[in-house]
Amino acid sequence: MRHAAHFARLVALLVIVVVGFLLVRAKMVPKDFGVKGHFRLSAIADEAAREPRHIGSDACAECHDDIGAAWRAGKHHVPQCENCHGPGLLHTKVVAEDSTRGYPDKILTAFPKAINPGTGIRECRWCHLKTFERPSALKYIVSVQQHVEQHGGTYTSASRCIDCHDPHTAEVKR
Ligand code: HEC
Ligand code: HEC
Ligand code: HEC
Ligand code: HEC
């Protein structure tokens, strides 16, 4: 008999755990979860309502028309402005809403991340430094030092690609 009581208690515990789990689950899982698949259906509308952080190169070129024109006419129009400079939404808001604050000096201290001004080497490496997974059709350099010295430059740790290349046309500066 005493053994049966043990068993009953164990079953009761199991029932409490299972029912408890189902109750918590019913409370936590959103109503529209699983309607179309293993996700919350309203997540689609939530994501769609978010403001895009990228604005596209045409929008950049509306203000930076000289750079926009040079970029478009040059050999470096595959990488887009925001590939190198990062998403531009905050930058354009800052510029458009308060042009009196003396961008970039003051804005840079208030919004240091509004736009990435470009290091002139880091972003070039993202695409042009040869790595084994990068497509070999992309013109690449094997090492910064080797490339700089091959073209008559003096390599130091401060060497940058834009010492020689215009970032917007990829043209070698004369
Ligand atoms: C509403 C006009 C406007 C738009 C649109 C705009 N900019 Fe600017 N941008 C400015 C102004 C004004 C400055 C500050 C003066 C200058 O350097 O020409 C500036 C400065 C910059 C700078 C220099 C920042 C620094 O810290 O030196 C970069 C880089 C830049 N913009 C990139 C972009 C990119 C990329 C886009 C598109 C995503 C873009 N801008 C869109 C007006 C604009
Ligand atoms: C391949 C990377 C790359 C792309 C693509 C690129 N930029 Fe730049 N940009 C740079 C770098 C690097 C600098 C810094 C140049 C310097 O310090 O001399 C810069 C500087 C700038 C500046 C500020 C200095 C200046 O030259 O007046 C502006 C404004 C700018 N870019 C706008 C643009 C716009 C607009 C586009 C697209 C039409 C664009 N950039 C595309 C890398 C890029
Ligand atoms: C988002 C990727 C990307 C970034 C970042 C990038 N490039 Fe390029 N670059 C390309 C593509 C794509 C081409 C054209 C295709 C090709 O010829 O490989 C190109 C072409 C070039 C060329 C050869 C142009 C010619 O003569 O045909 C040079 C030089 C160059 N880039 C330099 C730079 C420098 C300097 C930077 C940094 C300021 C830079 N790139 C950043 C993608 C990129
Ligand atoms: C000392 C000057 C100098 C520096 C610094 C420099 N380059 Fe070059 N680069 C050149 C010259 C010159 C060419 C040949 C251009 C030509 O043939 O029209 C070239 C060509 C290229 C090419 C085309 C290669 C090909 O096979 O046709 C790419 C890509 C390139 N450079 C990327 C870069 C990158 C990325 C950096 C920074 C890591 C960089 N360069 C720094 C001078 C330089």
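When a ligand or atom number is given, it counts from 1 through the structure's own listing order.
- Using 4.0 Å as the threshold, A61 has no heavy atom nearer than that to any atom of ligand 2.
- The N, O or S atom of H165 lying closest to atom 8 (Fe) of ligand 4 is NE2.
- Atom 28 (C) of ligand 4 has its closest protein heavy atom at I141 CG2, 4.3 Å.
- Nearest heavy-atom pair across H77 and R72 is ND1-O, 3.6 Å.
- The shortest contact between atom 25 (C) of ligand 4 and any protein heavy atom is with K139 CD, 4.0 Å.
- A parallel orientation is assigned to the rings of H91 and H64, their planes being inclined by less than 30° (bins at 30° and 60°).
- Below 4.0 Å from some heavy atom of V148 lie the following atoms of ligand 4, by number and element: 1 (C), 5 (C).
- Some N or O of H147 is nearer than 3.5 Å to an N or O of ligand 4, by distance alone.
- The option with the heavy atom closest to atom 11 (C) of ligand 3, from among L138, V172, N83, is L138.
- Closest protein heavy atom to atom 12 (C) of ligand 4: H151 ND1, 3.3 Å.
- Under a 4.0 Å criterion applied to the non-hydrogen atoms of G153, ligand 4 contributes the atoms 1 (C).
- For the residues H77, H85, H76, H91, the heavy atom positioned nearest atom 8 (Fe) of ligand 2 is part of H85.
- For atom 5 (C) of ligand 4, a protein heavy-atom neighbour is present inside the 4.0 Å cut-off.
- The shortest N/O to N/O separation between S57 and ligand 2 does not fall below 3.5 Å.
- Each of the atoms 35 (C) of ligand 4 lies under 4.0 Å from some heavy atom of C124.
- Short contacts between ligand 3 and C161, defined as distances under 4.0 Å to a heavy atom of the residue, involve ligand atoms 35 (C).
- When each atom of ligand 3 is checked for a heavy atom of C84 under 4.0 Å away, the hits are 5 (C).
- The protein atom (non-hydrogen) at minimum distance from atom 30 (C) of ligand 3 is H128 NE2, 3.5 Å.
- Within 4.0 Å of atom 43 (C) of ligand 2, at least one protein heavy atom is present.
- When the heavy-atom distances from atom 21 (C) of ligand 2 to H168, H64, K173, R122 are ranked, the shortest goes to H168.
- Atom 18 (O) of ligand 4 is not flagged as protein-proximal [any protein heavy atom, distance under 4.0 Å].
- Using a 4.0 Å heavy-atom cutoff, R160 is listed among the residues neighbouring ligand 4.
- When hydrogens are left out, the protein atom nearest atom 3 (C) of ligand 4 is C164 SG, 2.6 Å; that is the closest non-hydrogen contact.
- Between H147 and H151, the angle of the ring planes goes over 60°, which puts this pair in the perpendicular group of the 30/60° scheme.
- When the heavy atoms of T169, V78, I162 are ranked by distance to atom 15 (C) of ligand 2, first place goes to I162.
- Contact atoms of ligand 2 toward E123: 12 (C) (distance under 4.0 Å to a heavy atom of the residue).
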